[in-house]
A.B. asks: 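Got a structure here, written out as structure tokens. Questions coming.
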Number of protein chains: 2
Amino acid sequence: MTVSRAFKADSLVSPETREAILKTAEELGYVFDSTASNLRSQKSGFVAVTIPSINNANFADTVGGLSDTLSKRDMQILLGYTNYNVEEEERLIEQLLRRKPEAIVVTGGTHTERARKLLQTVAIPVIETWDMPAHPIGHYVGFSNRAVMRDMVDHFVALGCRRIAFIGGDVQRDSRGSERRLGFIAAMQAHGLDATRLIAAGSPPISMREGANAMAKLIELYPDTEAVVCVSDLAAYGALTECRRLGIPVPERFSIGGFGNYEIGEVCVPTLTTINAFAREIGERTAQLILDILDGTQPVGDVGIAPQLIARDSSRRV
Amino acid sequence: MTVSRAFKADSLVSPETREAILKTAEELGYVFDSTASNLRSQKSGFVAVTIPSINNANFADTVGGLSDTLSKRDMQILLGYTNYNVEEEERLIEQLLRRKPEAIVVTGGTHTERARKLLQTVAIPVIETWDMPAHPIGHYVGFSNRAVMRDMVDHFVALGCRRIAFIGGDVQRDSRGSERRLGFIAAMQAHGLDATRLIAAGSPPISMREGANAMAKLIELYPDTEAVVCVSDLAAYGALTECRRLGIPVPERFSIGGFGNYEIGEVCVPTLTTINAFAREIGERTAQLILDILDGTQPVGDVGIAPQLIARDSSRRV
DNA sequence: ATGAAAGCGCTAACAC
DNA sequence: GTGTTAGCGCTTTCAT
């Protein structure tokens with residue numbers, strides 16, 4: 001009927017009719033049923049998104065960028081979190097696809113066999129983020145977590161550090177974290193340096209507390225270490241506080257570097273050398289890519305993000 | 001057909017038939033269409049949730065608790081964030097209701113006139129969280145942000161502090177923050193103390209940086225202050241770092257208290273006195289309340305949460 | 001244990 | 001500018 005048209009902003013209804021309809025609807029407490037609309041039009045207005053954890057400022061920023069950009073076009077995010085677990089991701093992807101999203105965004109390029117197949121088979125845009133997969137399923141918006149560690153190691157080496165350690169999580173689960181660990185090792189070897197000072201701080205994601213514990217272990221195992229690369233700013237902050245507790249001056253005794261440009265890093269004392277991964281931009285550019293594909297506009301294709309080292313007070317010349 | 005039944009775990013299909021169907025479906029890349037299912041059965045499996053910000057550990061914990069509890073029953077969260085803005089909340093509530101959620105959870109008890117009406121009219125359970133509204137729309141799971149400040153002020157007074165200040169946001173927008181500010185004033189007055197040392201640190205939510213700036217302002221305006229109550233741990237941590245930068249010892253010179261029991265507060269030096277609001281429990285109990293209502297089980301009705309003061313190293317006897 | 005018929009509340013396509 | 005018809009892909013109900 002005309003009622004249906006009255007609820008679509010652009011359709012042809014006389015102003016008086018529309019106003020009367022909307023007024024009556026409000027009085028009756030009528031609420032438009034998008035379930036039926038979605039079924040008939042075969043458009044859900046959903047973009048499915050999986051992230052490892054809801055409680056992580058980086059992924060929250062990405063989702064914020066996605067959501068803000070997509071909501072301008074009245075699209076809504078359907079969010080699921082995987083707990084850094086690919087089996088859970090598979091389960092989630094299947095569940096999300098049943099809702100008939102118009103695109104799906106996943107974090108990372110590592111998935112179960114079946115999840116890959118689901119994503120390859122589905123007839124909507126698939127975007128992998130926070131990574132730069134060798135064989136993308138569809139598109140990606142991200143960077144190489146392995147390559148990015150090169151900048152941090154170069155930074156420390158340029159400052160004269162040679163004995164450099166790495167604090168990260170257990171190798172399983174968080175594939176971005178393990179990639180960074182591998183990147184650290186590769187970068188150290190490229191400089192001809194020893195890459196065996198690796199502290200496993202526990203099950204990813206590493207908390208501040210675990211970062212602190214790892215630092216204590218590091219000091220015990222390798223007391224002559226000059227610099228510490230941490231898998232995230234949270235771990236780095238934990239390491240920093242452990243030093244503070246032990247009365248060890250940073251950066252005088254140890255230089256410390258983090259990852260992710262979390263707010264804590266620019267407020268704490270000393271401020272934290274880190275790498276900005278442009279979390280929000282990842283979300284915004286992913287959203288734009290999706291809109292371009294759906295519009296049939298010439299899409300940019302894949303988007304490489306170039307993370308940026310931010311040198312702050314926690315690192316200095318040996 | 002039988003295919004439909006094969007996809008419902010509990011329905012009567014012969015094992016062989018079901019297996020054959022599922023196998024064929026997998027081969028064909030068939031994905032169950034919940035849009036159609038939802039329309040016909042008039043059940044969406046959605047619970048709509050609005051939170052002020054996605055990038056906040058407290059609300060993330062609440063959503064985590066909600067999501068984990070609801071996913072056991074195959075219900076999914078449809079999340080929207082309001083940016084601490086009631087107009088945005090109204091827009092969001094309307095949009096979410098169109099998806100026909102089976103319950104709706106909002107943060108706080110302050111809404112626009114129209115949002116209240118929408119929530120009152122809708123025929124699903126409505127739960128307000130993180131607050132204890134005088135006139136709940138449906139149910140609530142939360143606590144009084146005003147009353148809770150009493151514990152913090154009592155704590156400082158018991159330690160011998162008399163000149164106590166408050167750092168919070170501008171009064172608009174964040175109603176929980178303003179309630180805490182009012183609670184601080186009321187508690188101070190109850191002790192017969194001066195309640196005019198109020199620093200407005202900027203537009204809510206207050207960042208660590210803004211907390212630091214506010215502390216600088218506080219030191220300038222009221223240098224003889226003995227204790228500082230902050231609207232959140234993030235602001236409190238900012239205040240702490242400002243003291244560190246200025247070489248002012250905490251808690252020797254100032255006692256500092258926060259709110260929310262964020263991870264930073266138990267790792268930083270000195271550790272932060274705070275109030276645990278049981279964010280995750282709020283989510284879990286909200287989810288349980290929803291399930292009880294939908295099941296027709298005797299629901300508990302409203303749930304009062306009793307936040308707990310955690311005294312740590314940032315506060316001590318004057 | 002399986003099948004047939006009807007319909008959930010919208011919208012696409014086509015009249016008028 | 002408005003009405004009519006048909007159908008999106010499931011589930012409900014009833015029959016076999």
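Please read all numbers here as calculations on a predicted model, not as lab measurements. Just so we're on the same page: letters track the sequence lines, and every chain starts at 1. The analysis underlying the following values was restricted to heavy atoms, covering all of them including side chains, and did not include hydrogens, waters or symmetry mates.
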A.B. asks: Atom CG of B:Asp33 to atom P of D:dT11: distance rounded to whole Å?
C.D. replies: 9 Å
A.B. asks: Side chains of A:Leu78 and B:Phe46, heavy atoms from C-beta outward: is any pair under 4.5 Å?
C.D. replies: yes
A.B. asks: Flag the pair B:Val31 / A:Val122 as yes when at least one side-chain heavy-atom distance between them is below 4.5 Å, and no otherwise.
C.D. replies: no
A.B. asks: Tell me: CZ of B:Phe7 to P of D:dG9, nearest whole Å?
C.D. replies: 15 Å
A.B. asks: Can you tell me how far C1' of D:dT11 sits from NZ of B:Lys8, to the nearest Å?
C.D. replies: 9 Å
A.B. asks: Taking any heavy-atom pair under 4.0 Å as a contact, classify A:Ser34: base, sugar-phosphate, or nothing.
C.D. replies: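 Nothing, no heavy atom under 4.0 Å.
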A.B. asks: Could you tell me whether the side chain of B:Thr112 reaches within less than 4.5 Å of the side chain of B:Glu87, counting heavy atoms only?
C.D. replies: yes
A.B. asks: Under 4.0 Å from OP1 or OP2 of C:dT11: is there any side-chain N or O of A:Ser37 that close?
C.D. replies: yes
A.B. asks: Of B:Ser14 and B:Ala36, whose closest DNA chain C nucleotide lies nearer the 5' terminus?
C.D. replies: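 Nearest-nucleotide comparison on DNA chain C picks B:Ser14.
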A.B. asks: Over how many whole Å does the gap from B:Asn38 atom CG to D:dT12 atom C1' extend?
C.D. replies: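 These atoms are roughly 15 Å apart.
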A.B. asks: Without decimals, in angstroms, what is the distance between A:Arg40 CZ and D:dC8 C1'?
C.D. replies: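 Whole-Å distance recorded here is 6 Å.
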A.B. asks: Look at the side chain of B:Leu39 and decide which nucleotide, out of C:dC8, D:dG7, D:dC10, has an atom nearest to it.
C.D. replies: C:dC8
A.B. asks: Calculate the interatomic distance between A:Phe32 atom CZ and C:dC10 atom P; express it in whole Å.
C.D. replies: 6 Å
A.B. asks: Distance alone, cut at 3.5 Å: any donor-acceptor contact between the side chains of B:Asp68 and A:Tyr81?
C.D. replies: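 Yes.
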A.B. asks: Around atom CD of A:Gln42, are there more than 12 heavy atoms from other residues, nucleotides or ligands closer than 6.0 Å?
C.D. replies: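 Atom CD in A:Gln42 is packed in, count exceeds 12.
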A.B. asks: Going by modelled atom types, is there a donor-acceptor pair between the base of C:dG3 and the side chain of B:Arg5 at under 3.5 Å?
C.D. replies: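 It does, because a donor-acceptor pair links the side chain of B:Arg5 to the base of C:dG3 below 3.5 Å.
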A.B. asks: Does the side chain of B:Thr2 get closer than 4.0 angstrom to OP1 or OP2 of C:dG3 through an N or O atom?
C.D. replies: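 For B:Thr2, the contact criterion (side-chain N or O under 4.0 Å from OP1 or OP2 of C:dG3) is met.
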A.B. asks: Whether A:Gln42 contacts D:dG7 is assessed here as follows: a side-chain N or O lying under 4.0 Å from the phosphate OP1 or OP2. Is that the case?
C.D. replies: no
A.B. asks: So, OP1 or OP2 of C:dT11: does either fall under 4.0 Å of a side-chain N or O from A:Ser41?
C.D. replies: no
A.B. asks: Remember a base hit wins even if backbone is also touched, and classify B:Thr17 as base, sugar-phosphate or nothing at under 4.0 Å, heavy atoms.
C.D. replies: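 Sugar-phosphate, backbone atoms only, no base.
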